Amino acid sequence: MNSKVYETAGTGGMAFYLCGPTASGKSALALEMADKLDGEIVNADAFQLYRGLEILSAAPSSAELASWPHHLYGVLKPTVAADAQLYVNLAKPVIAEIQSRGKTPVITGGSGLYLKFLTHGAAPLPTADAVLRAEMDARPLDDLVAQLRQLDPVEASRTALQNRRFVSRALEICLLSGEKASDLRDGWEAKTAEISSQLRGVVIQRSRPVLHARIAQRTRAMLDGGALEEVAALADVSTNCEKAIGFREIRALAAGEIDRATCEDLINAATRQYAKRQETWFRREKWLTEVQL
RNA sequence: GGCCCGAUAGCUCAGUCGGUAGAGCAGUGGAUUGAAAAUUCACGUGUCGGCGGUUCAAAUCCGUCUCGGGCCA
């Protein structure tokens, strides 16, 4: 059934990437692949990194974690605001250490940006600055766009100017570095193709009806399996964790603003939309071998 | 049985004075190198419940039937 996956994986040694949309069955396949490749599983999911979000993030169960070496699951406190570079800083040494023992890292997850940073490296850009971001968040978008146009017309011309996040980040780079974001980014982009040719991995695909059914099943299991208690226990969380799908919905349920069925529907819809975005992302990663399950 | 209200996109609904219909949500496709489970862009033909009638022209007016919901018996 997974002969194409095995073929892509080869005989082990190199890191193997196992990607796919949420609820596609990555975790189960990871266990299988780790066994096959004499490997160890490394998390590449932005939310499974956190402790206390196990149910919402559909992290592997404690039984699964105990059954085989897993790395980078539940390693961050919910108050920490992670980002792609922080993830790479955590993952690189873990992967190297696994390889030094002659094992194969099976890097498993669906966070496209985190995976991209890990596989292709980071552009030489300044790190996010919380204070500057807060300042920019308080300004009108038009104002940010005008300043970006002035500081870096090239970047402004190729940025989606309706997207506040993208405009802010481009501007942030210019302001923190004193250089043009476009110049800093160009150097990095030129090198990505060569890197891709040396990577090895698969992206799991499932038909939409199947994926949607799996999502619905999982949402129900989450809500029945302690997600409400988990959210209730998360008193102090970073703004990262607040964005976990299900967090707001379950808060609303607990507050009596919506009923259980509505909560379930909302979580399902948000999860389906997320899965679609993941598919769009991975479709562009041509180095991944598509595997239909 | 009588009366009233409703029936329009997958869902919830809008539709002015008659000129063959459009919002939100859902869905689909895209963008996306330090917030990414984030953020953002694009995409709207559907027996206007059925049948008849009036009219140059009906989602819209009239009749009737069907199915909901309600009130009175």
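Chain naming here is simple, since letters A, B, ... match the order of the sequence lines and numbering starts at 1 in each. Treat the numbers as computed from the prediction; the structure is a model and nothing was measured.
In the interface, the side chain of A:K276 is not paired with the base of B:G27 through any donor and acceptor atom under 3.5 Å apart. In the interface, the side chain of A:R133 is paired with the base of B:A35 through a donor and an acceptor atom under 3.5 Å apart.
OP1 or OP2 of B:A37 sits under 4.0 Å from a side-chain N or O of A:S111. Distances shorter than 4.0 Å separate none of the side-chain N or O atoms of A:N240 from OP1 or OP2 on B:A37. Between A:R208 and the phosphate of B:U28, there is a side-chain N or O to OP1/OP2 separation shorter than 4.0 Å. Regarding contacts with the backbone of B:G34, every side-chain N or O of A:Y87 stays at 4.0 angstrom or more from both OP1 and OP2.
Figure legend. B:A7 is base-paired to B:U66; pairs are counted as Watson-Crick or G-U wobble with both atom distances under 3.5 Å. Across all strands shown, B:C71 forms a Watson-Crick or G-U wobble pair with B:G2, both key distances being under 3.5 Å. Base pairing annotation: B:U54 forms no Watson-Crick or G-U wobble pair, as no partner gives both donor-acceptor distances under 3.5 Å. If you check B:U40 for Watson-Crick or wobble pairing at under 3.5 angstrom, you find it paired to B:G30. When Watson-Crick and G-U wobble pairs are counted only if both distances are under 3.5 Å, B:G46 pairs with no nucleotide at all. Across every strand in view, B:A23 sits in a pair with B:U12 that passes the Watson-Crick or G-U test at under 3.5 angstrom.
To the nearest whole angstrom, the two C1' atoms, one in B:U60 and one in B:G49, are 15 Å apart. A distance of about 15 Å separates the C1' atoms of B:A9 and B:U28, rounded to the whole Å. Straight-line distance between the C1' atoms of B:C71 and B:G10: roughly 33 Å, to the nearest whole Å. Annotation: B:G18 and B:C62 have their C1' atoms spaced 13 Å apart (nearest Å). Rounded to whole Å, the P atom of B:C5 lies 28 Å from the corresponding atom of B:G22. Nucleotides B:U20 and B:C72, compared at atom C1', are 40 Å apart to the nearest Å. The P atoms of B:G2 and B:U54 are separated by 27 Å, rounded to the nearest whole Å. If you take atom P in B:C17 and the same atom in B:U55, they sit 23 Å apart, rounded to whole Å.
Atom CD1 of A:I55 is separated from atom CD1 of A:I250 by 9.0 Å, given to the nearest 0.5 angstrom. For the atom pair NE2 (A:H212) and CZ (A:R272), the distance works out to 6.0 Å, reported to the nearest 0.5 Å. Considering OH of A:Y73 and OG1 of A:T108, their distance stands at 5.0 Å, rounded to 0.5 Å.
Among the protein residues, A:R169 comes within range of the nucleic acid bases, having at least one heavy atom under 4.0 Å from a base atom. Across all strands shown, A:R272 has heavy atoms under 4.0 Å from sugar-phosphate atoms exclusively, and none from any base.
Residue A:I107 forms a side chain to side chain contact (heavy atoms under 4.5 Å, CB included) with just one option from A:L118, A:L18, A:I41, and that option is A:L118.
When rounded to the nearest whole Å, the span between CZ of A:R158 and C1' of B:U40 equals 18 Å. For A:L161 and B:C41, the CG to P distance is 11 Å, given to the nearest whole Å. For A:R218 and B:A37, the CZ to C1' distance is 10 Å, given to the nearest whole Å. Separating the CH2 atom of A:W281 from the C1' atom of B:A31 is a distance of 10 Å, rounded to the nearest angstrom. Taking atom CD of residue A:Q273 and atom P of nucleotide B:U28, one finds them 9 Å apart after rounding to whole Å. The CG atom of A:D137 sits 12 Å away from the C1' atom of B:A38 (whole-angstrom rounding). Whole-Å rounding puts the A:R277 CZ to B:G27 P distance at 11 Å.
By the neighbour-count criterion of 12 heavy atoms within 6.0 Å, atom CZ of A:R220 is sparsely surrounded, having that number or fewer from other residues, nucleotides or ligands.
The side chain of A:N163 lies closest to B:U40, out of B:G34, B:U40, B:G27. Comparing atom distances between the A:F47 side chain and each of B:U39, B:G34, B:A36 picks out B:A36 as nearest.
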The test is salt bridge (charged side-chain N to carboxylate O under 4.0 Å, His left out); show your working for A:K116 and A:E285 and say whether it passes. CA-CA 9 Å; A:K116 187 75 175 180; A:E285 298 296 315; 3.2 Å; yes
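Distance alone, capped at 3.5 Å, is enough to place a donor-acceptor pair between the A:E230 side chain and the A:L56 backbone.
Using a 90° window around 0 for the glycosidic torsion, B:G34 falls inside it and is classed as syn.
Ranked by how close their nearest RNA chain B nucleotide is to the 5' end, A:G121 and A:Y274 are led by A:G121. Taking the nucleotide of RNA chain B with the nearest heavy atom to each of A:T280 and A:A269, the more 5' of the two is matched to A:A269.
In this view, A:R158 and A:E155, A:D186 satisfy the salt bridge (Lys or Arg N to Asp or Glu O under 4.0 Å) rule, not counting sequence neighbours.
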